[in-house]
Every structure is written in structure tokens, then in C-alpha cells.
K.L.:
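One structure is given below, represented as C-alpha cells, and several questions about it will come after.
Keep in mind that this is a model prediction, so the values were computed, not measured. Within every chain, numbering begins at 1; the chains are lettered A, B, ... in the order of the sequence lines, protein sequences first and strands thereafter.
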Amino acid sequence: MSVRVRFAPSPTGYLHVGGLRTALYNYLFAKNQNGKFILRIEDTDRTRLVENSTQGLIEILNWAGIKYDEGPVVGGEYGPYVQSERLDIYNNHIKILINSGHAYYAFDTPEEIEQMRKMLQAKGLNPKYDRRTMKNQLTLSEDEVQRRVSSGEPYVVRLLVPDDHKIIFTDIIRGEVIVDSSEIDDQVLLKSDGYPTYHLANVVDDYSMKITHVIRGEEWLPSTPKHILLYQALGWELPKFAHLPLLLNKDRTKLSKRQGDVAVEDYRKKGYFKEAIVNFVALLGWNPSSDREIYDIQELIDSFKLEKVNKGGAVFDIEKLNWMNFQYLMKKDTKELAIQFKTILIDKGYPEFSNDYLEKVIKTHRERVTFLHQILDFCPYMFQKPEKFDKEYFEKYWKDYSLEILKELQIKYSKMDDFVHDNLHKVTLETASEKGLKLKDIIHPLRLVITGRSAGAGMFETMEILGKNECLTRIQHFIESYEKNKLVF
RNA sequence: GGCGCAUUCGUCUAGCGGUUAGGACGCCGGCCUCUCACGCCGGUAACACGGGUUCGAUUCCCGUAUGCGCUACCA
């Protein structure tokens, strides 16, 4: 039987990085096994729906390169893939469960249930639904039940959980898990608004969509026995289960807002590459037992093994993500980066630079930043003349002879035919020797004049990229300002 | 509270009875150097605890502790 897995988010907001990892592991497993990856939207909670979030979910998944084989928009033979469009299917199964005695109608109001729980808690008992004392199909007469249902009185349908029954299942990641059914509440399967709960919809859909492996977050581990009861009640074969460890904050609580960004979209906006996020998140809770850290998506697919997923939660460490982003910044093709960078510049209102120029700037500066967009902050002087000059740097390196040398260089540079690194180095070094100075005695003041700052790429590389005209203009401009005592710091 | 799951350097992890417990991020130091970086070299730092099993436990079993999850007409 060919592998079929699904990612089944609720459209209640943005995709969480934990959700991204769940989706990714499903995807990696499917592709590794030559199976199908399905996207299903679980929108049965009408109160938490967030408009357009399905669209956002799909968009961010596409951005990350996690393509689904079946799901909303693309369709597939087991659709529809949105639960609110499958209500008939759930209702049919509810009827089957009621008729077979595995589920029953219940008519209690929320207040009555609340009261029951309080009473049980007061007695120190488990606040489970007490099916023997509440208003339901088991305590009411058949006629009464019929009357209430057909009169349109609100009702829910609950799963009749057997007493004292050990539920044992094997989780691919965790091994054998045993839960006693007496711990399990008579779960609501159909809500009074006519929508199914997660438990029912999930089981029915997984079965009818022929899902072979249920790969989901650890928070679902405690409800897996409920699902198994449902499979058994419906006489269905169980899928295999794999419960993924949680993603954690720095303080080891479940990853949440407040302690940093959790939406994938936030990271995208900050300038993280999708390759970095996918690579990073993939290695949170799993790795191919190798010393390598950098993997492209195909390599992840090729080496992915569910059995090798860790059991313990993993802290989302932004420092390592940053390092990984840097790795991809260094690795990526500069042509592609230049195109991206161009849009960043345009957004910030800069004039258009040639791709060739941008590529050169990127090549010489990317090793100094974490994000592509930071190049602009790091070397704004590559895109506009320096307006201010670093005072500390000036005071440290500008000597009484510096102006004289600068004027000499101005003349020498202006006579150069080939304004390239090696020639600039040669000419500048000659000047230094003539004056009995070291190269760096000249380079620092020169850097100040050309860039206004103390930090930057190699001076001669920088000058070569800026070009002869631009450099001479900047030197001239500096001399004028300096002599008029109009330098701005 | 009950139930479940987990526990190797600060963090991500390798390890599947015998290892000087390895790698990566971070941090610290050095080298390189025109600055800032990159890079290179080196350092720091871990098997939660207590019992077993065994010739031998990080590894297997049982407790304890701690953490997390679930305990909804939310998923």
C-alpha cells in the first residue's frame, strides 16, 4: 500500500513554525516513501475561524517549497479537502455510530455540564461526563429522545467509551503507549451547531482519504486512544501513528508568541531564506546521524527516517537559525541575490543600480552580514555618497600630513587608466613608501574619505567597484569640505 | 489533582553495553589582516538522581526528581 500522509491545520491564523515542521516532516516522509502528501483544512471550529487564513497557509507552504499533492485548490480524488464541505460524510458516520450503540445523543446544557464537573471535583473525583446521571439517550426513554431530536432541541452526540478497557498502541517514535479507557471522557463527536469535533472529523477523514501514517504534534498523543476507539467502533483498520516532539521557547515552555516570533511569515519578513528555515526546522528533532548541518530539500528527503525522530522537545534557537541563514547567504548564486537585493533598494527609494554592480557589492559584503538586506545598512556608501564621517575614526587616523597625501593620491589616481584593485594597491603603496609611511597609515584616512566609516570591505576592492569617477568625486568633495571646515560628523 | 510523554555540553544533537562521550551554534583565546568580517587553529562545557541487571552501564529495567503535554460542544 502506498504511503499517504496529511498536514491538517486549522485556519485560525498564521502558520506557526511548529506547524511548518509538522508539515515538513509529513512532506519529507511522503517523498522519501514515494507517497502522497495531502493538505486538509480542519475548519470545524466556527468560532475561531480567521478569514483568509487558509489562503495564507497555502501561500506560506508554497513559499517554503512544501508542495502538496492533494488538497484545496489543486483537488484530488478524495476531496473535498475542507472539512466544512464534508458535513454529510460526518453525519452519516454519526448515524452509524449511534445505530451500533457506540455513540449516543446528549441534551445537557453547558451550565448543567459545568455544574456536574464542579460537583465531581468537589468530591475529588475525575470531572468526566457522567453518562448515568445526565440527560442523554442512555437515561431518557426512546420516545423522549426521538421527541427532543425531532423538535429541534439542541443536542450533541457523544462517544460511548467502554469502561475498564486498556488501549494499547505503538507509536513509531515513542514505542508502546498504554492508556486505560476509564481515563477517557465520553468525547463529544458532534457539536450542537452540527459540526463535528476534531476527533470525529479527523478519524473519518484520515480513513476516507486513505491516510496510512498520522504524523502530528505530541499534543495529540493523549487523544490518540479516543481516535483508536473510533476506528474500532467503525470497524476500520488503524493507521500508523507518529507523534512529534514539541518546539520550545528558550525557557523550555511550549513555543509561543510573547517570547519571539512564531509565525513563519514573521521570519520571512525578517529576511530569512526559505532554505535556511526549512533546513533549521528539519534538524529540530531529527537529524541524519551525520556531522553535516547544511542540507537542501532533496537531501532531507533522501535521508529522512521517522524512526530517527527524537522524543524530547527542542528549543528553537534563533542564534543557530541566524548562522544557517548566513550559510545560505554565502552559498547562494549572486545573480539571484542581486535580483532580490534590487527590490529591497527600490523599496527603500534608492535609484536603480545595474545587476552587475549589485553582484559585485554582494560578493564583497555578504560575509559581513546575516541577512541580504543588511548589506544596505552595512555599506550605504556603496549606494550614495557619505554624508557624515565617523568622528572617532577621523580623530584616530587623520594626521596633519593626511591632507597633503590625499591631494597627491588624487592626482595619481586621476592618471590611472585601469582603476582596479592591483593597480590601486601598487600606486598607494608607492606613495606610502615615498613618504616613509606604512600602507595602513594611508588606507585608514582614505577609507574615511571614501566611505565615511571605519568598517567595510577591502579598500581597493571597494574603490574598484565604486569606480574612478566616483572615488575622485568623493576625494574632491572631502577636500573642499575639510578646507572650508565644513565636514559633517 | 489525574493520566500520558520526555530527560547527553547553555542550545541543536551523535551515540543503539566496553568511546580520551563526537559534531554544530554560542561564548572565550590565537592566527590572518588596511578596518569590519570571512576563514583557519585552539579552548570552554554534558550523560538529572537513586537503585537494580551485567565482568562492565550514557546505553537495558524499576523508582525519584524535574519539565512538558492532555484533561473543552478548541484544534
K.L.:
Base, sugar-phosphate, or nothing for A:Phe378, non-hydrogen atoms under 4.0 angstrom?
P.N.:
base
K.L.:
A:Phe489 and A:Trp398: aromatic ring centres closer than 6.0 Å?
P.N.:
no
K.L.:
Tell me whether the side-chain N or O atoms of A:Arg368 pair up with the base of B:C38 as donor and acceptor below 3.5 Å, since no angle test is needed here.
P.N.:
no
K.L.:
Walk along nucleotides 22-32 of chain B from 5' to 3' and tag each nucleotide B, S or - by protein heavy-atom contact under 4.0 Å, base first, then sugar-phosphate.
P.N.:
-BBSS------
K.L.:
Identify, with sequence neighbours excluded, every residue that meets ring-ring contact (aromatic ring centres under 6.0 Å, His included) alongside A:His425.
P.N.:
A:Phe460
K.L.:
Which nucleotide, B:U11, B:G15, B:C73, lies nearest any side-chain atom of A:Val315?
P.N.:
B:U11
K.L.:
When every nucleotide of nucleotides 63-72 of chain B is labelled 5' to 3' by its protein contacts under 4.0 Å (heavy atoms), B for base, S for sugar-phosphate only, - for none, what sequence of letters results?
P.N.:
----SSSS-S
K.L.:
Answer yes if the ring centres of A:Tyr267 and A:Phe280 are under 6.0 angstrom apart, and no otherwise.
P.N.:
no
K.L.:
Using a cut-off of 4.0 Å on non-hydrogen atoms, how would the nucleic acid contact of A:Gly285 be classed: base, sugar-phosphate, or nothing?
P.N.:
sugar-phosphate
K.L.:
In a check of salt bridge (Lys or Arg N to Asp or Glu O under 4.0 Å) between A:Glu218 and each of A:Arg174, A:Arg21, A:Lys254, which one passes?
P.N.:
A:Arg174
K.L.:
Contact list please: residues 435-444 of chain A against RNA chain B, heavy atoms, distance less than 4.0 Å, in numerical order.
P.N.:
A:Lys440, A:Ile443, A:His444
K.L.:
Students often get this wrong, so: under 4.0 angstrom with heavy atoms, is A:Ser454 touching a base, only sugar-phosphate, or nothing?
P.N.:
base
K.L.:
I'd like a table of donor-acceptor pairs (distance under 3.5 Å, sequence neighbours excluded) in which one partner is a side-chain atom from residues 312-328 of chain A, with atom names and distances.
P.N.:
residue, atom, partner, partner atom, Å
A:Asp317, OD1, A:Glu319, N, 3.2
A:Lys320, NZ, A:Glu293, OE1, 3.4
A:Asn322, OD1, A:Tyr272, OH, 2.5
A:Asn322, ND2, A:Ile318, O, 3.4
A:Asn325, OD1, A:Phe273, N, 2.8
A:Asn325, ND2, A:Thr370, O, 3.0
A:Tyr328, OH, A:Asn279, OD1, 2.6
A:Tyr328, OH, A:Tyr295, O, 3.0

K.L.:
Both distances below 3.5 Å, Watson-Crick or wobble geometry, any strand: find the nucleotide opposite B:G67.
P.N.:
B:C5
K.L.:
Determine the contact category for A:Lys396: base if any of its heavy atoms lies under 4.0 Å from a base atom, sugar-phosphate if only primed atoms, P, OP1 or OP2 are that close, otherwise nothing.
P.N.:
nothing
K.L.:
Rounded to whole angstrom units, what separation is found between the CG atom of A:Asn322 and the P atom of B:C12?
P.N.:
16 Å
K.L.:
Using a heavy-atom cut-off of 4.0 Å across all strands, would you classify A:Arg174 as base, sugar-phosphate, or nothing?
P.N.:
sugar-phosphate
K.L.:
Need one value for A:Ala457: base, sugar-phosphate or nothing, where a base atom within 4.0 Å counts as base even if backbone is also close, heavy atoms only.
P.N.:
base
K.L.:
Reckon A:Ser289 touches a base, only the sugar-phosphate, or nothing at all at heavy-atom distances under 4.0 Å?
P.N.:
sugar-phosphate
K.L.:
May I ask you to check whether A:Thr224 and A:Arg216 show a side-chain donor-acceptor distance below 3.5 Å?
P.N.:
yes
K.L.:
The side chain of A:Pro110 is closest to which nucleotide in this list: B:C73, B:C34, B:U35?
P.N.:
B:C73
K.L.:
Pairing donors with acceptors under 3.5 angstrom, does anything connect the side chains of A:Arg86 and A:Ser208?
P.N.:
yes
K.L.:
Have a look at A:Gly456 and say if it touches a base, only the backbone sugar-phosphate, or nothing, with a 4.0 Å heavy-atom cut-off.
P.N.:
base
K.L.:
Tell me what A:Asn279 touches on the nucleic acid: a base, only sugar-phosphate, or nothing, going by heavy atoms under 4.0 Å.
P.N.:
nothing
K.L.:
For residues 444-465 of chain A, pull every pair meeting side-chain hydrogen bond (donor to acceptor under 3.5 Å, both in side chains), keeping only residues two or more places apart or in separate chains.
P.N.:
A:Tyr393-A:His444
K.L.:
Before we go on, tell me: are the rings of A:His227 and A:Tyr198 under 6.0 Å apart, centre to centre?
P.N.:
yes
